[in-house]
Structures are given as structure tokens and as C-alpha cells.
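Quick notes on the structure that follows.
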Amino acid sequence: MRRHDETDEAETVAMPPAPSWLCRRFLERSRSIDDLRNAARRRLPRSVFDFIDGGAEDEATLLGNRAAYHRHSFLPKTLVDVAAPDLSTTILGRPAALPLIAGPTGASGFLWPRGDLAIAAAAHDLGIPFALSTSASVSIEDIAARASGAIWFQCYIFKQRDFSDGLIARAAKAGYDGLVITVDFPVGGNRERDFRNDFSIPFKYTARNVTEFALHPRWALSMVRGGTPQLENLRGFSASNDVGTVASSVGRNYDASFSWDDLSRIRDAWPRKLIVKGIARPEEAERLVALGCDAVVVSNHGGRQLDGAVATLDALPAVARAVAGRAEVFVDGGIRRGSDMVKALALGANAVLVGRATLFGTAAGGQDGAARALSILRDEFRRCMQLCGSARVSEIGRDLLVPTDVP
């Protein structure tokens with residue numbers, strides 16, 4: 001299905017290359033997101049793997065997001081007919097195969113050529129929304145030309161406001177269903193793994209990195225064949241289209257002055273669904289609802305920005321109570337299992353976003369790997385629903401959980 005206002009130029013963008021039969025065989029045998037993470041770690045140079053896997057500073061928030069799910073145990077119902085559980089739901093008024101969203105992730109093209117297309121295609125095939133990152137390696141228009149499901153555009157706000165406005169206008173013209181404004185990123189976090197690994201975009205060719213690249217020939221060859229990924233949506237941000245110049249300019253130009261008045265202006269101008277990502281405080285959720293936002297995402301950027309921030313699952317219940325059904329509530333951070341999805345829904349989420357899970361899959365095997373990651377979560381979600389005695393998504397409630405007795 002083609003969207004309006006697309007051009008034939010978008011058709012020239014090749015789909016991501018398929019993995020080898022050996023890679024596909026491994027993907028079939030992967031039973032968990034952790035299996036895919038291990039495969040990604042083997043295939044990628046350490047600096048690239050740590051870029052997607054790591055968090056800020058001591059990584060307390062990164063680890064805390066995951067630990068929060070272990071603080072809840074199931075209190076399952078029995079003698080319920082769960083022979084054919086209904087996983088389907090609606091997300092922002094559109095049907096979805098399950099309450100899962102492929103969240104925005106930057107630099108996917110450094111894991112697999114045209115990695116953003118790989119994730120978008122996998123999300124479409126599963127029947128769930130896909131959100132494109134500002135810092136994607138595939139353009140707004142190319143994704144819109146190839147996507148036929150629900151697609152959202154995630155926009156960062158730059159000091160160069162007219163550039164951000166231009167990105168939003170492009171998304172509107174290309175027919176994106178939703179706009180995601182990220183509000184927890186006034187400045188970049190202190191990701192120390194990247195400094196230790198000499199990681200930057202473009203790559204620094206230090207003795208450490210050259211050795212790493214040589215030790216990972218499958219990845220290196222894919223980069224040679226696919227060409228150096230470009231931050232396609234940021235062309236024209238600086239005087240140069242060189243990926244290094246653009247990336248370094250972007251990093252210095254997030255707008256730390258972005259405020260409620262600025263968000264209100266975007267709400268007035270954007271004609272479709274507006275999602276605000278990066279909140280943890282219930283009073284802010286209430287204010288966003290009053291502003292006319294259609295959904296909020298309880299998020300701490302996966303622990304990549306403010307280390308020491310509250311775990312998203314811990315913040316979720318108060319936000320859900322504050323919203324009280326007047327908008328949809330999503331959550332991300334630390335989700336590695338379908339059972340995590342059930343816990344998030346039980347605590348008030350309408351759906352969850354995943355980022356690292358699809359990145360691990362993409363790094364392991366392109367589109368097939370991204371699809372495997374999503375199918376693992378779907379199958380685990382279905383099984384958990386059955387074992388908890390929930391025949392449909394609407395039956396997942398707070399009564400399914402009790403606090404875990406942690407000594």
C-alpha cells in the first residue's frame with residue numbers, strides 16, 4: 001500500500017539484504033531476546049554493540065528498568081478457557097495484533113544495512129505500529145513509501161527550530177499516523193562505554209577499533225557492501241552532508257529551552273495523533289492530557305540519559321491513574337519477555353514499546369532477526385496470558401500481580 005505524496009525516488013531504496021541460511025537457522029533456534037543479544041554481541045564490534053546495549057554512567061537506571069519487572073509476581077487464575085487467547089487490541093484507534101510497538105531507535109543502519117527498513121517491515125508483517133527515529137538511516141519518505149501499517153515519526157527538538165518544524169511537516173505530508181515528541185533529551189547523556197571504546201559517528205579509526213572491525217568480518221563486509229550509513233533525515237542540518245559532520249552538529253544542538261508553550265504550538269499544528277515520550281511524573285501526564293496529547297510514554301530513554309532516574313515500571317501506575325483513560329499510556333525500558341508485557345499492562349499500560357529487543361534481532365539477522373525478536377515476544381505474551389488465565393487483553397488487570405518477596 002502506497003501512501004500519498006510519495007515519489008518514485010523512494011522506490012530506488014533497496015530493501016535490507018537477507019541473512020545467510022546459516023544465520024536464518026540460528027535465528028530459528030533462538031528462544032529468547034537474550035539469545036538474540038548474544039548473537040548481536042558476537043557479530044558486532046564491541047564498540048557498536050556497547051552503543052546499543054549500554055546506558056549512562058553507572059548504568060543504574062539501565063539495570064533498574066529490568067529489575068523492576070522482577071519485583072512483581074503473578075497470581076494466576078485457573079479454570080478459564082484460554083484455548084484460543086485473543087492478543088489483539090487497538091492502539092490510538094487502529095487495530096494491532098498485540099499491545100506492542102516497535103519504538104524509535106537511532107543508528108540501526110550501523111547494525112545492518114538499512115536496518116530501519118528491516119524493523120519497519122517486521123513490524124508491518126506482525127501487525128503492530130512502527131516509530132521512525134529522527135536519527136534513522138532511512139528517510140521519512142522512504143519508510144512511508146514502503147509501509148502499509150501504522151507508522152509514527154519520532155522528532156527531536158533542535159535549537160534550529162525551523163529544521164525540526166521541517167521534519168514534522170515532512171512526516172505530515174508523507175502520511176504518518178502519529179508524531180512522537182521526545183521530551184527527556186535536553187542534553188545528551190554521559191555514556192561512558194562509548195568513550196572507553198572510542199566510539200563515535202563516524203567511527204574513529206583507532207588501533208582498538210581497527211582491530212575490532214577486523215575481528216568481525218561479517219559485520220565489516222556488510223558495511224563495505226552497504227556503504228557508510230547516512231543520517232538521512234538530517235541532511236541539510238549543517239552545511240555538510242557528511243555523516244560525521246552532521247552527527248557532531250546534532251549532538252551540540254538539542255534545544256534545552258523546549259517548554260510547554262513550544263509543545264502546545266506543535267499540538268496545534270500537527271493534524272493527527274500526538275504522543276509525548278519521556279515522562280515519569282503523574283502531574284505532567286495530567287497536563288499533557290489537558291494539552292490534547294493522545295498518548296504519553298513513560299520512559300527514561302532506556303537508561304541512556306539520566307542515570308539514577310526512576311524505573312519506568314515503578315513510575316507507570318501513578319501515571320496511569322492520573323491519565324484515567326483520557327489518553328493512552330505506553331511504557332518502555334527493560335522489556336525482554338512477553339511476561340514483562342503482561343506485567344506492564346496489569347499496571348496500567350495500554351501497550352509497550354521495545355527498542356533494544358528489535359536492535360538485537362536486527363544486528364543478528366536483519367529483517368529476519370527483527371521479525372524473530374517480535375515473534376518471540378508475541379509467543380511469550382500469548383503463553384503468559386494462557387498461564388495467567390487471561391483469554392483477552394482486556395482481562396489483564398492489577399489482580400494478576402503480587403509483590404515479589406525479595407529477601
Side-chain angles (χ1 to χ4, degrees), residues 29-37 63-91 95-103 126-129 282 297-299 310-325 328-358 360-361 372-407:
R29 294 179 62 84
S30 295
R31 300 292 299 174
S32 68
I33 299 302
D34 274 350
D35 284 347
L36 295 175
R37 178 180 180 271
L63 298 173
N65 279 344
R66 187 76 200 103
Y69 285 91
H70 296 301
R71 291 196 287 271
H72 299 274
S73 298
F74 291 113
L75 189 67
K77 301 174 184 177
T78 58
L79 298 174
V80 178
D81 181 359
V82 289
D86 183 1
L87 279 59
S88 66
T89 187
T90 59
I91 298 177
L98 69 163
L100 179 64
I101 300 156
L126 188 62
I128 63 172
V297 184
V298 181
S299 176
V310 63
T312 51
L313 192 70
D314 291 340
L316 171 63
V319 170
R321 286 193 298 270
V323 170
E328 295 189 20
V329 177
F330 309 138
V331 66
D332 68 8
I335 296 162
R336 294 290 186 274
R337 292 282 187 183
S339 57
D340 299 335
M341 295 172 57
V342 174
K343 290 178 181 180
L345 267 61
L347 291 174
N350 297 98
V352 306
L353 285 78
V354 292
R356 285 186 177 92
T358 50
F360 294 148
R372 183 59 182 148
L374 295 175
S375 67
I376 286 171
L377 291 172
R378 177 199 59 202
D379 295 345
E380 290 179 346
F381 180 66
R382 177 191 294 113
R383 185 182 301 108
C384 187
M385 282 182 60
Q386 291 175 299
L387 292 172
C388 284
S390 298
R392 55 188 58 85
V393 170
S394 61
E395 295 177 2
I396 300 173
R398 185 66 181 83
D399 62 319
L400 286 181
L401 299 181
V402 294
T404 300
D405 185 12
V406 179

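Below, each value reflects all heavy atoms present in this structure, side chains not excepted, and no hydrogens, waters or symmetry copies.
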Original post:
How far does CZ of Arg31 sit from CG of Leu36, to the nearest 0.5 angstrom?
Top reply: 11.5 Å

Original post:
Does one side chain, of Ser88 or Asp86, offer a donor that lies under 3.5 Å from an acceptor on the other?
Top reply: yes

**OP:** Drop me the distance from Leu400's CG to Cys388's SG, to the nearest 0.5 angstrom.
**Re:** 5.5 Å

Original post:
Are the charged groups of Arg382 and Asp379 less than 4.0 angstrom apart, N to O?
Top reply: yes

Original post:
With no hydrogens and no angle check, is any side-chain donor or acceptor of Gln386 less than 3.5 Å from a backbone partner on Val82?
Top reply: yes

**OP:** Might you work through the side-chain contact (heavy atoms from CB on, under 4.5 Å) test for Arg336 and Arg356, ending with a clear yes or no?
**Re:** CA-CA 9 Å; Arg336 294 290 186 274; Arg356 285 186 177 92; 3.4 Å; yes

Original post:
Is it the case that Thr404 and Ser73 place a side-chain donor and acceptor less than 3.5 Å from each other?
Top reply: yes

Original post:
Can you check whether Leu401 reaches Lys343 side chain to side chain, under 4.5 Å on heavy atoms?
Top reply: yes

**OP:** State, yes or no, whether a side-chain contact exists between Met341 and Tyr69 at a heavy-atom distance under 4.5 Å.
**Re:** no

Original post:
Which pair of heavy atoms, one from Arg66 and one from Gly334, lies closest together, and at what distance?
Top reply: NH1-O, 3.1 Å

Subject >> Test side-chain contact (heavy atoms from CB on, under 4.5 Å) applied to Phe381 and Val393, step by step >> reply: CA-CA 10 Å; Phe381 180 66; Val393 170; 4.3 Å; yes

Original post:
Can you name the nearest heavy-atom pair linking Val80 to Gly389, along with the distance?
Top reply: CG1-O, 3.6 Å

Subject >> Heavy-atom closest contact (Ala373 atom, Ala357 atom, distance) >> reply: CB-O, 3.4 Å

Original post:
Any donor-acceptor pair under 3.5 Å linking the side chain of Arg337 with the backbone of Glu380?
Top reply: no

**OP:** Compare all side-chain heavy atoms of Ile128 with those of Leu374 and state whether any distance is below 4.5 angstrom.
**Re:** yes

Original post:
For Ser390, does its backbone N or O pair with a side-chain atom of Glu395 as donor and acceptor, under 3.5 Å?
Top reply: no

Subject >> Taking every non-hydrogen atom, the tightest pair across Val331 and Ala344 >> reply: CG1-CB, 3.8 Å

Original post:
Are the side chains of Phe330 and Ile91 in touch, meaning some heavy atoms are under 4.5 Å apart?
Top reply: yes

Original post:
Of all heavy-atom pairs between Asp314 and Ala68, which one has the smallest distance, and what is that distance?
Top reply: OD1-CB, 3.9 Å

Original post:
Taking atom CG of Asn350 and atom OG1 of Thr90, what is their separation to the nearest 0.5 Å?
Top reply: 8.0 Å

**OP:** Decide yes or no for His72 and Leu313: does some side-chain heavy atom of the first lie under 4.5 Å from some side-chain heavy atom of the second?
**Re:** yes

Subject >> Atom of Ala311, atom of Gly64 and distance for their closest heavy-atom approach >> reply: CB-O, 3.5 Å

Original post:
Is the backbone N or O of Thr312 less than 3.5 Å from a side-chain atom of Asn65, with the two atoms forming a donor-acceptor pair by type?
Top reply: yes

Original post:
Could you walk me through whether Val329 and Val298 pass the side-chain contact (heavy atoms from CB on, under 4.5 Å) check?
Top reply: CA-CA 7 Å; Val329 177; Val298 181; 4.2 Å; yes

Original post:
Any side-chain heavy-atom pair from Leu87 and Arg378 closer than 4.5 angstrom?
Top reply: yes

Original post:
Going through the checks in order, is the side-chain contact (heavy atoms from CB on, under 4.5 Å) test met by Phe74 and Val342?
Top reply: CA-CA 10 Å; Phe74 291 113; Val342 174; 3.7 Å; yes

Original post:
Do Val352 and Leu345 come close enough that some side-chain heavy atom pair is under 4.5 Å?
Top reply: yes

Subject >> pair Leu377-Val354: side-chain heavy atoms closer than 4.5 Å >> reply: yes

Original post:
Hey, is the main chain of Ala83 close enough, under 3.5 Å, to the side chain of Asp81 for a donor-acceptor pair?
Top reply: yes

Subject >> Note: Asp35-Arg29 ion pair, threshold 4.0 Å (strictly below) >> reply: no

